[in-house]
Amino acid sequence: QVQLVESGGGLVQPGGSLRLSCAASGFTFSNSFMSWYRQAPGKERELVAVIPSTGGSTNYADSVRGRFIISRDNAKNTVYLQMNSLKPEDTAVYYCQAVLFVVSAPPYEYWGQGTQVTVSS
């Protein structure tokens with residue numbers, strides 16, 4: 001059974017920090033690209049950050065670049081999103097996504113359940 005279990009969300013003041021975690025099981029985590037998405041009320045789901053299986057060549061949305069850091073620990077089957085200098089506009093449900101590329105088939109895509117991040121004074 002494939003599972004992506006997120007944790008670490010909550011309420012934080014502007015300028016504060018949070019670290020989200022996503023624990024993966026049921027697939028080959030070390031071969032997957034991992035991403036964080038977010039969806040704010042009334043808005044479309046937005047790609048926040050991407051990290052490849054090697055851990056290099058990370059990419060970020062312009063709105064979070066320089067403030068957020070995506071990382072992974074393949075030994076723990078976990079991907080993280082360190083969020084610093086949080087702003088009210090960062091308020092959203094954050095989702096982790098796994099994409100597993102395989103030969104001669106479409107890639108497999110898995111999603112976590114989401115965790116709420118609220119930035120408010």
Side-chain angles (χ1 to χ4, degrees):
Q1 182 179 350
V2 172
Q3 288 192 111
L4 298 174
V5 180
E6 297 165 308
S7 61
L11 175 64
V12 64
Q13 295 183 5
S17 298
L18 285 173
R19 189 178 76 157
L20 306 183
S21 300
C22 179
S25 61
F27 67 99
T28 307
F29 179 83
S30 60
N31 291 340
S32 68
F33 278 49
M34 300 296 298
S35 299
W36 286 95
Y37 286 75
R38 68 185 182 186
Q39 188 167 23
K43 296 186 178 181
E44 298 295 321
R45 187 169 296 188
E46 173 191 23
L47 178 62
V48 175
V50 181
I51 186 167
S53 57
T54 62
S57 300
T58 55
N59 288 279
Y60 299 91
D62 290 343
S63 58
V64 308
R65 188 176 295 110
R67 299 187 297 120
F68 290 11
I69 301 172
I70 187 171
S71 62
R72 67 192 296 160
D73 187 340
N74 286 351
K76 296 181 178 180
N77 287 0
T78 301
V79 63
Y80 305 94
L81 185 68
Q82 178 67 47
M83 304 184 294
N84 301 315
S85 301
L86 283 161
K87 305 175 181 179
E89 51 263 44
D90 295 318
T91 296
V93 178
Y94 284 72
Y95 302 88
C96 65
Q97 179 209 50
V99 177
L100 179 61
F101 296 95
V102 298
V103 176
S104 301
Y108 293 97
E109 181 179 306
Y110 308 113
W111 290 89
Q113 80 287 352
T115 185
Q116 177 71 47
V117 173
T118 302
V119 184
S120 176
S121 59

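Every heavy atom of this structure was used, including side-chain atoms; hydrogens, water molecules and symmetry mates were not.
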Indicate if V48 and I69 have the same hydrophobic cluster label, given that clusters are the connected sets of ILVMFWY residues with side-chain heavy-atom separations under 4.5 angstrom.
yes
Sequence neighbours excluded, the answer for salt bridge (charged side-chain N to carboxylate O under 4.0 Å, His left out) partners of R19 is none
side-chain contact (heavy atoms from CB on, under 4.5 Å) involving V119 - partner list, sequence neighbours excluded
V12, P14, L86, P88, D90, T91, V117
Considering all heavy atoms, the nearest S35-L47 contact:
CB-CD1, 3.9 Å
So how far is it from N74 CG to S32 OG, rounded to the nearest 0.5 Å?
7.5 Å
Do L11 and F68 belong to the same hydrophobic cluster, where Ile, Leu, Val, Met, Phe, Trp and Tyr are linked whenever their side-chain heavy atoms lie under 4.5 Å apart, directly or via other members?
no
Mind checking the CH2-CG spacing from W36 to L20? Nearest 0.5 Å is all I need.
4.5 Å
From F27 atom CZ to N77 atom CG, the distance as rounded to the nearest 0.5 Å:
7.5 Å
Among all residues two or more places apart in sequence or in another chain, which pass the side chain to side chain donor-acceptor pair (under 3.5 Å) test with Q82?
N84
When rounded to the nearest 0.5 Å, the distance separating CZ of F29 from CG of L4 is 8.5 Å
Does F33 offer a backbone N or O that forms a donor-acceptor pair with the side chain of R72 under 3.5 Å?
no
Looking only at heavy atoms, which two atoms of G112 and Y95 are closest? And how far apart?
O-CD2, 3.7 Å
Please give me the minimum heavy-atom distance between D73 and Y80, naming the atom from each residue.
CB-CE1, 4.2 Å
For C96, does its backbone N or O pair with a side-chain atom of E6 as donor and acceptor, under 3.5 Å?
yes
Considering all heavy atoms, the nearest S17-S85 contact
OG-N, 4.3 Å
Considering only residues two or more places apart or on different chains, which pairs with a residue in residues 104-121 satisfy side-chain hydrogen bond (donor to acceptor under 3.5 Å, both in side chains)?
E109-W111, Q116-T118
Going by the rule salt bridge (charged side-chain N to carboxylate O under 4.0 Å, His left out), which residues pair with R45 if we only count those two or more places apart in sequence or in a different chain?
none
Donor-acceptor pairs under 3.5 Å, side chain of residues 53-64 to any protein atom, not counting sequence neighbours: which ones?
from	atom 1	to	atom 2	distance (Å)
T54	OG1	G56	N	3.4
N59	ND2	S57	O	3.1
Y60	OH	I70	N	3.0
D62	OD1	R65	NH1	2.5
D62	OD1	R65	NH2	3.2
S63	OG	R38	NH2	3.3

Please say yes or no: joined through hydrophobic side-chain contacts below 4.5 Å, possibly via intermediate residues, are I51 and L100 part of one cluster?
yes
The reported gap from CE in M34 to OG1 in T78 (rounded to nearest 0.5 angstrom) is 9.0 Å
Quick one: closest heavy-atom pair of P107 and V99, and the distance?
CB-CG1, 3.9 Å
